[in-house]
2 protein chains.
Amino acid sequence: MFAEHTSDPDPAPGSTLHPCKSWPDNGRGVRETLDRIGDKWSVLVIGILSQGPLRFGTLHQRVPGVSQRMLTLTLRHLERDGIVSRTAYAEVPPRVEYELTPLGESLRETVLALARWVTDHHDEIETARHRYDTR
Amino acid sequence: MFAEHTSDPDPAPGSTLHPCKSWPDNGRGVRETLDRIGDKWSVLVIGILSQGPLRFGTLHQRVPGVSQRMLTLTLRHLERDGIVSRTAYAEVPPRVEYELTPLGESLRETVLALARWVTDHHDEIETARHRYDTR
DNA sequence: CAGCATCCAGCCCGATACTG
DNA sequence: CAGTATCGGGCTGGATGCTG
């Protein structure tokens with residue numbers, strides 16, 4: 001559509017051994033989904049829910065920075081995408097439980113790997129930032 | 001600090017077998033780093049750069065939706081975090097190459113796994129969205 | 001308890017124009 | 001070629017108040 005680079009003599013030495021030179025769909029669909037995963041709270045929520053079903057309030061406590069509004073929105077989005085399921089129990093004090101769907105389960109390992117990487121390398125990144133800022 | 005839930009009798013049946021009940025640092029540091037990974041373009045850029053070093057213009061073509069401004073900002077952020085390195089060659093037409101640092105390399109598999117998940121499950125998500133919207 | 005509605009500040013990010 | 005500078009609209013996301 002756009003960015004149809006005609007000649008591409010970019011040197012990029014010794015590594016054309018890859019599944020995708022650029023992104024398959026020019027970021028059309030990938031972007032939309034990535035925006036959901038990559039939004040401010042989804043990864044955290046999925047990470048917590050990967051431990052098992054939780055009700056709204058508990059979730060709210062477990063993801064401390066999140067506001068009620070954003071937790072609601074995040075859950076709605078994830079629900080829409082089929083990543084979490086919502087179950088409301090008709091009881092005297094209303095109770096609602098959220099849990100990962102099978103689709104969400106398939107994201108588990110990836111998200112946990114990401115979370116692990118972030119915590120593992122947090123110090124390195126802090127150091128790099130400091131070096132960059134004071135250079 | 002906040003959200004110090006006193007009693008937590010949440011049922012969450014049969015799965016307390018996990019490394020972290022909630023996020024280790026209450027999202028303090030994790031959030032900052034996650035915001036970098038999770039921002040609009042980082043994952044795409046890292047994915048492309050995982051194929052080898054590239055110069056600015058080529059990168060700009062390979063990540064089609066991105067504007068020049070956002071590509072610059074994304075690269076600066078990733079550089080600051082020590083995930084990509086920038087090398088400028090003093091030549092007649094300026095040439096600048098970006099490539100993953102060792103730290104960036106360590107993110108490779110995780111990011112590619114995420115990208116793979118997104119493309120693999122794109123259809124399922126589309127379907128789920130449609131069902132949700134028309135229900 | 002769970003959550004929607006409203007208001008509003010701040011930033012994200014694209015478009016455009018200009019520089020070394 | 002590889003940026004920087006500036007402007008402005010739209011969306012993100014927090015605070016607050018109200019409902020079932």
Side-chain angles (χ1 to χ4, degrees), chain A residues 2-3 5-12 27 31-32 34-45 49 53-80 84-99, chain B residues 2-3 5-12 27 31-32 34-45 49 53-80 84-99:
Chain A
F2 52 93
H5 58 293
T6 46
S7 68
D8 184 23
D10 195 277
R31 273 247 53 78
E32 295 164 43
L34 224 40
D35 283 343
R36 181 77 356 96
I37 307 301
D39 76 0
K40 202 170 182 186
W41 303 106
S42 292
V43 167
L44 269 351
V45 169
L49 282 182
L54 284 180
R55 52 196 301 187
F56 188 88
T58 311
L59 210 37
H60 193 198
Q61 294 167 352
R62 297 280 230 280
V63 189
V66 75
S67 66
Q68 189 188 45
R69 170 192 159 84
M70 286 320 295
L71 182 54
T72 303
L73 284 178
T74 301
L75 288 168
R76 289 294 165 280
H77 288 152
L78 292 174
E79 190 191 356
R80 184 170 107 100
V84 312
S85 67
R86 192 191 110 112
T87 315
Y89 300 90
E91 298 176 353
V92 189
R95 182 165 62 98
V96 179
E97 287 211 339
Y98 294 91
E99 84 186 292
Chain B
F2 51 94
H5 60 292
T6 46
S7 69
D8 184 22
D10 195 278
R31 273 249 51 79
E32 294 164 43
L34 224 42
D35 283 343
R36 182 75 356 95
I37 307 300
D39 77 359
K40 202 171 183 184
W41 302 107
S42 292
V43 168
L44 269 350
V45 168
L49 281 182
L54 283 180
R55 50 197 300 188
F56 187 89
T58 312
L59 210 36
H60 192 197
Q61 294 167 352
R62 298 281 230 280
V63 188
V66 77
S67 65
Q68 192 188 40
R69 170 191 158 82
M70 286 319 295
L71 182 54
T72 303
L73 284 179
T74 302
L75 288 169
R76 289 294 167 280
H77 289 153
L78 292 174
E79 190 192 355
R80 183 169 107 100
V84 312
S85 65
R86 191 192 110 114
T87 314
Y89 299 90
E91 298 177 353
V92 189
R95 182 165 62 98
V96 179
E97 287 211 338
Y98 294 91
E99 84 185 293

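Naming convention: chains lettered A, B, ... in sequence-line order (proteins, then strands); numbering from 1 in each chain.
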What's the closest nucleotide to the [X] side chain, out of [options]?
{"X": "A:F56", "options": "C:dG3, D:dT4, D:dA2", "result": "C:dG3"}
{"X": "A:V96", "options": "C:dC13, D:dG3, C:dG3", "result": "C:dG3"}
{"X": "B:R86", "options": "D:dG3, D:dG14, D:dC1", "result": "D:dG3"}

If you look at every heavy atom in [X] and [Y], which pair is closest and at what distance?
{"X": "B:I37", "Y": "B:V43", "value": "O-CG2, 3.4 Å"}
{"X": "A:R36", "Y": "A:S42", "value": "O-OG, 2.9 Å"}
{"X": "B:L44", "Y": "A:L34", "value": "CD1-CD2, 3.9 Å"}

How close or far is atom [atom2] of [N] from atom [atom1] of [X], stated in whole angstroms?
{"X": "A:L73", "N": "C:dA5", "atom1": "CG", "atom2": "P", "result": "11 Å"}
{"X": "B:M70", "N": "C:dC11", "atom1": "CE", "atom2": "C1'", "result": "10 Å"}
{"X": "A:R95", "N": "D:dG20", "atom1": "CZ", "atom2": "P", "result": "22 Å"}
{"X": "A:R36", "N": "D:dT12", "atom1": "CZ", "atom2": "C1'", "result": "13 Å"}
{"X": "B:W41", "N": "C:dC11", "atom1": "CH2", "atom2": "C1'", "result": "16 Å"}
{"X": "A:R31", "N": "D:dC11", "atom1": "CZ", "atom2": "P", "result": "15 Å"}
{"X": "B:L44", "N": "C:dC13", "atom1": "CG", "atom2": "P", "result": "12 Å"}
{"X": "B:K40", "N": "D:dG10", "atom1": "NZ", "atom2": "P", "result": "14 Å"}

>> Has B:H60 got a side-chain atom pairing as donor or acceptor with B:V66's backbone, closer than 3.5 angstrom?
In response: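 Yes.
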> Do the side chain of B:R31 and the main chain of A:K40 share a donor and acceptor less than 3.5 angstrom apart?
Replying inline: yes
>> Applying a 4.0 Å non-hydrogen cut-off, can you work out what A:Y98 is touching in the nucleic acid: base, sugar-phosphate, or nothing?
In response: sugar-phosphate
> Are B:R69 and C:dA15 close enough that a side-chain N or O sits under 4.0 Å from OP1 or OP2?
Replying inline: no
> Pick the nucleotide of DNA chain C nearest each of B:Q68 and A:P94; which residue has the one closer to the 5' end?
Replying inline: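 Taking each residue's closest nucleotide, the earlier one in sequence belongs to A:P94.
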